[in-house]
Each structure stands twice: as structure tokens, then as C-alpha cells.
Amino acid sequence: MARILTGIQASGRPHLGNILGAILPAVKLSQNPDNQSFLFIADLHSMTTVKDAKVMQENTRAVASAWLACGFDTQKNYFYRQSRLAGLHTELMWYLCCQTPFPMLSNALSFKDKSDRLSDVNAGLFTYPVLQAADIVLYQANFVPVGKDQKQHLEMSKDMAAAFNRTYGEIFTLPEPLIDESVMVIPGTDGAKMSKSYNNYIDIFLDEKPLLKMVKSILSDSTPLEAPKNPDNDITFKLYSLVADKSEVEKMRQNYLAGGFGYGHAKQALFEKLWTKFEKEREIFNYYMKNEEALEEKLREGEAKAREIAEQTMNDVRKVLGFA
Ligand code: ADP
Ligand code: TRP
């Protein structure tokens, strides 16, 4: 049984890019009977930038609801908030800090990037990779699916675990990253990478009217309705081909090439596809967004299960450190 673990920052309502690029592939991985998945909201990490408690809570709810909506099975797997196990995560973080050479952290690419860009360069940003390593080795994870930008953090996690093992004996499983190079970049309404920070995202959980408005805002060129159009240069077509069936995509391609089919028609078809395809997901998402208690219950169950595993590891760790 392989342990697959990943953390998701509490950064707001997941959009179509997050869902197709990260959530659905991870849910698929978690459905493999040979895997056990640990999925947690990395709200302690989000604290490095989110300073408002209400925003933090809302983001956490939206992220958790989206994972449940996309079919993450919390019975088979582990689903929890890092902050509710903060004692264990940060205790281990301290132990790992004492194994981590200062230059490893000061040379980290993501720290350098953030300290150039952000006005608030706090110590949390600096020790961020150590908390991430603790998140991973606390559950003895074998594989960690992450985006390319997290590659260095994963190398550091493995180095910290190996350094600890060299000093104190074989306590930690050494984690390996799972980086899917083939994951495509989903374009946003302006054609750039879909991202919360570019305000070009499509929120599939919205109601009919605002969703249609969002789809209508997709950029298109000024080719007149009657003229043939090149589907391969068009954002609406690209998005449609990511969510529609093969035969539907082929039909849409022919419509573009034939002419007499406007971008308005294509956007209407994309809207209808999103509206019907994600009907169940939207329902579940909105259910958990409205029923705080139901979401709390799922998370609390997950936190109790996760705590058992984390405590086993920490008992072993405290023993070898002479703290038992
Ligand atoms: P955002 O750019 O909206 O802030 P994040 O950086 O929080 O998104 O990404 C969360 C996850 O979603 C990551 O695994 C990331 O690789 C994936 N993801 C984000 N945007 C896209 C996109 N446009 N296409 C594919 N995957 C994406
Ligand atoms: N740093 C990760 C990101 O920004 C989030 C994260 C925190 C994480 N802890 C983790 C990812 C442990 C994988 C494993 O996306």
C-alpha cells in the first residue's frame, strides 16, 4: 500500500484550472485500491500570506468543499486541516529545523522569489520548506504529487528526512515527488494560464447567470459570424475540448471551419457543457458551503484518523531524541 500525500494551500475557491489540473488527477490517484491518500489543507502555510481569520476560514471551506465535490473519498483516505494537528506538525518542524543547514533555506528558489516580491518577508516564509517536510514525513508518505514549482521543496524534504535518519536511525520513509510533466496548462478567459491571481478564471460552482457571464467574457477575435474560423487559435474551443466528449469536440471543430458559426454560439455551447457536466459537483460544493456542520464533521473525522498516524510517528521520534 503506497501512501500518497499532498497539501493544498487555503487560497480560495478552486477554479476550472485547479480542478482539471490538480484536483481530478489527485482524486483519480486516490481511487486506486493500492493507494492510501492523505490530503490536507495547508492552512498553516497559508498564514505566511493570509492574515485575516475570516478569509482563512472561507478559503478553507471552499477548498475542502471542492475536494469533496470532486469525489474525494474521506472514508478510504485521510482528509484534514493542518492547523487542527498543529502541535504535531510544528513539533516535528522544530526537530527538522535543527537538522537543516541555514544556507539550504536561504538559497531556496521560492524563498528568494517571495522575498523579492512580497513586502512582508516573515520567518514563516523562510522556514516554510521545513514545515512542508514535517507535513510529509509525519505520515511516512511514499509519494507526493505536486506541481513543477514544488520540485525543490520536495528535494529539501527528502534531504531533511535523510539527515534526521543519519543522525538518529531509520525513522522516516524518504518521500519521492510525483510530478506529472504532461499536465496541461488550462488557459483562462484571456488566454494566459488560468489563475486566481490573474482574475481570468472560470468558477464552475457558480449559478447559471454569473457562470454564463464569465464564459461570455472569454476573449475572441473579431472574425465575423459568417466567416470560417480557426479552432486551434481560439480560447473557447480550447476550453470546450477539455470538457466535452471527442465527438462533440469534432463537431464543434467542423462548425468553426464551416463558417456561419459565431463565437457567441461556441460560448453558449461551452456554458451548457460546464453547466451539465459539473451539475453534481456544483450541488455537492454548494451543500458543503451552506452546511458548515456537515463539512466540519468530515474534517473532524479525518483529523482523528490522521492524528493516530501522526502520533505513532512522533512517539518513535521522541524516543530517538531522548524525549520519551
Ligand atoms: P492559482 O494560480 O489559481 O493560485 P494554485 O497555484 O493555487 O492556483 O494551484 C493549485 C493547483 O492547481 C496546483 O497543483 C496547480 O498546478 C494547479 N493549477 C493551477 N492553475 C492551473 C492551470 N491553469 N492549469 C492547470 N493546473 C493548474
Ligand atoms: N507548498 C505547497 C504549495 O504551495 C503546499 C504544501 C504544504 C504541500 N505542505 C505540503 C504540498 C506537503 C505537498 C506536501 O502548493
Side-chain angles (χ1 to χ4, degrees), residues 3-27 29 37-50 59-60 62-63 66-67 70 78 80-83 85-86 88-90 92-93 96 108-111 113-114 124-125 127-158 160-161 173 175-204 235 238-239 242-243 306 310:
R3 284 193 181 164
I4 318 269
L5 175 144
T6 201
I8 325 291
Q9 289 220 42
S11 56
R13 280 165 77 106
H15 52 67
L16 185 65
N18 301 140
I19 289 168
L20 298 179
I23 302 186
L24 290 175
V27 168
L29 207 58
S37 282
F38 291 69
L39 192 112
F40 67 96
I41 319 267
D43 46 4
L44 296 178
H45 280 103
S46 303
M47 261 188 82
T48 53
T49 51
V50 178
N59 288 355
T60 299
V63 171
W67 279 87
C70 291
Y78 292 78
Y80 51 100
R81 288 162 293 199
Q82 184 192 29
S83 60
L85 297 147
L88 294 156
H89 284 246
T90 58
L92 181 54
M93 176 196 177
L96 294 176
L109 298 172
S110 134
F111 175 69
D113 171 53
K114 286 177 190 157
L125 280 177
T127 48
Y128 183 113
V130 194
L131 180 58
Q132 182 160 350
D135 296 338
I136 297 169
V137 299
L138 186 55
Y139 301 91
Q140 309 283 9
N142 304 99
F143 298 104
V144 184
V146 281
K148 279 178 228 161
D149 62 311
Q150 292 293 315
K151 193 164 179 237
Q152 195 187 35
H153 282 164
L154 262 293
E155 286 162 5
M156 292 164 80
S157 294
K158 192 173 171 182
M160 289 176 214
T173 303
E176 295 295 337
L178 276 186
I179 298 174
D180 186 350
E181 301 283 349
S182 72
V183 169
M184 36 194 176
V185 175
I186 317 290
T189 53
D190 58 356
K193 172 189 182 282
M194 189 181 289
S195 171
K196 275 174 288 265
S197 14
Y198 306 153
N199 206 15
N200 65 352
Y201 56 86
I202 292 184
D203 180 348
I204 61 154
I235 305 162
K238 270 188 202 138
L239 290 171
L242 291 167
V243 289

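Whatever order the structure lists ligands and atoms in, that order sets their numbers, starting from 1.
Using a 4.0 Å cut-off to heavy atoms of Gly21, the atoms of ligand 1 that qualify are 25 (C), 26 (N).
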Show me the donor-acceptor pairs within less than 3.5 Å that the side chains of residues 184-194 make with the rest of the protein, sequence neighbours left out.
unit_1, atom_1, unit_2, atom_2, d
Thr189, OG1, Asn200, O, 3.4
Asp190, OD1, Ala192, N, 3.1
Asp190, OD1, Asn200, ND2, 2.8

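In this structure, atom 11 (C) of ligand 1 has protein heavy atoms in its sub-4.0 angstrom surroundings.
Evaluated by nearest non-hydrogen atom to atom 12 (C) of ligand 2, the leading choice among His153, Gln82, Gln132 is Gln132. For atom 1 (N) of ligand 2, the choice among Phe40, Tyr128, Phe38 with the nearest heavy atom turns out to be Tyr128.
When non-hydrogen atoms are compared, ligand 2 lies under 4.0 Å from neither the backbone nor the side chain of Asp149. Residue Gln9 does not touch ligand 1, judged by heavy-atom distances below 4.0 Å. Both the backbone and the side chain of Ser195 come within contact range of ligand 1, each with a heavy atom under 4.0 Å.
The side-chain contact (heavy atoms from CB on, under 4.5 Å) search around Asp203 returns Arg13, Tyr201, Phe205, Leu206, Met214, not counting sequence neighbours.
For ligand 1, one of its N or O atoms has an N or O atom of His15 under 3.5 Å away. Between Val185 and ligand 1, not a single N/O pair is under 3.5 Å apart.
Under a 4.0 angstrom heavy-atom cut-off, Met184 registers as being in contact with ligand 1.
For atom 27 (C) of ligand 1, the closest non-hydrogen atom of the protein is Gly17 O, 3.5 Å.
Counting only N and O atoms by type, the side chains of Gln132 and His45 include no donor and acceptor under 3.5 Å apart. For the residue pair Asn142/Glu176, the side-chain donor-acceptor check at 3.5 Å is not satisfied. Using a 3.5 Å distance cut-off with no hydrogens or angles, the side chains of Asn59 and Ser11 do not pair a donor with an acceptor.
Under the 30°/60° scheme for interplanar angles, the aromatic rings of Tyr78 and Phe38 are found to lie parallel.
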